[in-house]
Amino acid sequence: MNLLFDSIATGLAEQDFAITDQFLSQPEVEAIVALPEFQADRTSFKKAGISKQVQVKEEIRGDYIQWLDKATAPGAVTVYLKRLDDLIRYLNRNLFLSLKDVEAHFTVYPPGTFYKRHLDQFKQDDHRKLSVICYLNNDWKPEHGGELRLYLPGRTRDVLPEAGRLVCFRSDRIEHEVLPATRERLSITGWMLDKEKFLV
Ligand code: OGA
Ligand code: MN
């Protein structure tokens, strides 16, 4: 893991983002996708809103989400959340950050849905420092679309939502969008915070 963590720290330090394959192994991804939340119960996911006011604007984003609770998350998800906690400790030590917690949700983009260009941190007082997205889609092919498009200085970078791949970027700096896909697109989306989630 330390090699993976090191490549994430280097990417963040040098270019404000990092793309890392195999952050979750194939069996770890399969254990998450096999959960009832992803198999039967997807209809209970909520239509995602744009801000804390839970506004639903389909012309901006069309994904469905379900927030995760560390205390009650199934084991397969806990494996991932613990790994993010380890990553937080690693980044704090190596990049002198003061990350304290992570908040995360399951995300489903039905075919044809998207999330237009945006920044994850839109208010000055936002505690989201790093965005972290791990994809859960086996055999994703370029013709399926669904790229995460990162807007970087003078260029864009498209990332396919391949199973096990983690994308991590500065929430206040990197604008990005999700392009429509021809198949369902699953992920766990999260943010590393500079305060503890349940402390205000
Ligand atoms: C988001 C987001 C990107 C992705 O949920 O804010 O930008 O690739 N997700 O799913
Ligand atoms: Mn985003």
Side-chain angles (χ1 to χ4, degrees), residues 8 11-12 15-24 29 32-33 37-38 42 45-68 77 80-81 84 87 99 101-124 126-152 156-194 197:
I8 295 170
L12 287 171
Q15 46 190 6
D16 290 339
F17 76 96
I19 300 164
T20 313
D21 286 340
Q22 310 265 339
F23 189 80
L24 287 180
V29 168
I32 293 174
V33 175
E37 283 88 337
F38 272 133
R42 246 174 259 175
F45 280 36
K46 281 206 185 57
K47 198 94 211 235
I50 307 295
S51 64
K52 297 244 153 98
Q53 288 91 333
V54 199
Q55 234 179 337
V56 175
K57 285 213 171 139
E58 262 165 79
E59 67 274 21
I60 297 179
R61 67 186 290 191
D63 55 325
Y64 289 78
I65 64 170
Q66 183 175 299
W67 284 99
L68 296 168
V77 171
Y80 175 61
L81 295 177
L84 289 183
L87 178 59
L99 304 167
D101 208 350
V102 64
E103 59 180 7
H105 57 62
F106 285 132
T107 313
V108 178
Y109 284 85
T113 59
F114 50 79
Y115 193 162
K116 295 282 193 195
R117 181 172 176 170
H118 65 282
L119 260 188
D120 284 349
Q121 194 189 84
F122 28 60
K123 287 176 273 131
Q124 283 310 317
D126 202 311
H127 292 282
R128 293 173 172 183
K129 296 298 161 198
L130 296 177
S131 304
V132 275
I133 306 146
C134 193
Y135 301 107
L136 305 170
N137 311 290
N138 285 322
D139 303 317
W140 195 277
K141 303 220 161 41
E143 58 264 34
H144 296 138
E147 296 91 343
L148 167 68
R149 176 164 290 167
L150 301 174
Y151 289 87
L152 306 170
T156 56
R157 169 91 182 252
D158 287 353
V159 186
L160 291 178
E162 269 288 352
R165 176 172 288 165
L166 186 88
V167 177
C168 183
F169 55 86
R170 289 269 306 248
S171 305
D172 61 337
R173 289 212 185 142
I174 306 267
E175 291 191 6
H176 55 282
E177 76 174 299
V178 178
L179 300 175
T182 57
R183 53 178 270 204
E184 196 173 53
R185 182 186 188 275
L186 307 182
S187 57
I188 298 180
T189 310
W191 292 274
M192 292 178 176
L193 312 171
D194 66 355
K197 190 165 179 272

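This is a predicted model, so every value here is computed, not measured. Just so you know, ligand 1 is whichever comes first in the structure, and atom 1 is the first atom listed for that ligand.
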| message | Using only atom types and a distance under 3.5 Å, with no angle test, would you say the side chain of D101 pairs donor to acceptor with the backbone of K197? | response | yes
| remark: Exactly one of H144, E162, R183 clears side-chain contact (heavy atoms from CB on, under 4.5 Å) with N137, and that residue is R183
Are there any N/O pairs under 3.5 Å between ligand 1 and the protein, and if so, what are their distances?
from	atom 1	to	atom 2	distance (Å)
ligand 1	6 (O)	H118	NE2	3.2
ligand 1	6 (O)	D120	OD1	3.1
ligand 1	7 (O)	H118	NE2	3.2
ligand 1	7 (O)	H176	NE2	2.9
ligand 1	8 (O)	Y135	OH	2.6
ligand 1	8 (O)	R185	NH2	2.8
ligand 1	10 (O)	R185	NH1	2.9

| said: Is the shortest side-chain heavy-atom distance between I174 and L152 below 4.5 Å? | reply: yes
| query | Minimum heavy-atom separation for Y80 to C134, with atom names? | reply | OH-CB, 3.4 Å
| message | If the condition is side chain to side chain contact (heavy atoms under 4.5 Å, CB included), which residues does Q15 pass it with, not counting sequence neighbours? | response | F17, R155
| field | Taking every non-hydrogen atom, the tightest pair across F114 and V178 | value | CB-O, 3.2 Å
| remark: Between P111 and E184 the two heavy atoms that sit nearest each other are CG-N, 3.9 Å
| Are the charged groups of R128 and D120 less than 4.0 angstrom apart, N to O? | no
| note | By side-chain hydrogen bond (donor to acceptor under 3.5 Å, both in side chains), W140 pairs with (sequence neighbours left out) none
| task | Anything protein N/O/S under 2.8 Å from the Mn ion (ligand 2)? Just list residue and atom, please. | result | H118 NE2, D120 OD1, H176 NE2
